[in-house]
Amino acid sequence: MAWELDGQTEAVEQALAGGTPQRAGWFRFYFEDQRWEWSEQVQRMHGYEPGTVTPTTELVLSHKHPDDRGQVAATINDMVNQRQAFSTRHRIVDTHGVVHHVVVVGDQFCDDNDEVIGTHGFYIDVTPTATKNAEDAITAKVAAIAQRRGVIDQAKGMLMLVYGVDEDAAFNLLKSLSQVRNMKLWPLAQQIAKDFAELGREAITSRSRFDQRLLTAHTRAPKR
């Protein structure tokens, strides 16, 4: 399930670049020299103006919330040693001291010889907003998704709810997955909607399982 270093990865980057500012962005990490690349959105998420920082593993870990740093460091270590994909939900602290809750989902990518050389994926800022009736709000949103007529609209609504992004960013993410998987949008959206329905509220309360379902939806989607 590797994302190759070609025009397909550009589709992810361009799609996420069109999302809500500071809410979603892409990253790339090379195993050999532990070199990171961040999109402008991810740089801003950490409190930097684009082009003013060169991310390193040390810098990445320095921004993790103290209570989450050990877990993320272990995840990175396993990722490098086993050259595997990953997903994690943790907190980062930006340069202004503001805490952000983020979902980070990565998939493998290969060089021209099909050797796995790194991981590439996206950050999504899912920092919760204060609400007096959070449970009621989730219930209402789920009901609204169920009433959407088209399967693509349903999938967009599910991505909006799970990752806390707006409609344009959700569609861009859905479209980018369709492009990198080289499959039509409708069957992919249908599978994502099916996976969401199977997970139920767990897709919202425990996002790691939905992250993995999202990255592998193309392997279960009907061939058309």
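Counting begins at 1 with the first residue of the sequence. Predicted, not measured: the structure shown is a model, and the values here were computed from it.
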List in chain and number order the residues that pass side chain to side chain contact (heavy atoms under 4.5 Å, CB included) with T88, two or more places apart in sequence or in another chain; answer none if no residue qualifies.
Q71, F86, H90, V104
Report the residues that fulfil side chain to side chain contact (heavy atoms under 4.5 Å, CB included) with S62, sequence neighbours left out, ordered by chain and then residue number.
L59
With sequence neighbours excluded, tell me which residues meet salt bridge (charged side-chain N to carboxylate O under 4.0 Å, His left out) with [X].
X    : answer
R213 : D195, E198
E49  : none
D33  : R35

Taking only residues two or more places apart in sequence or in another chain, which ones pass side-chain hydrogen bond (donor to acceptor under 3.5 Å, both in side chains) with [X]?
X   : answer
D78 : none
T75 : none
D67 : none
H63 : Y48

Salt bridge (Lys or Arg N to Asp or Glu O under 4.0 Å): pairs with one or both residues in residues 96-106, sequence neighbours excluded:
none
Checking F171 now: which residues fulfil ring pair (Phe, Tyr, Trp, His ring centres under 6.0 Å) with it, not counting sequence neighbours?
none
Other cluster members, V93 - Ile/Leu/Val/Met/Phe/Trp/Tyr, side-chain contacts below 4.5 Å:
V99
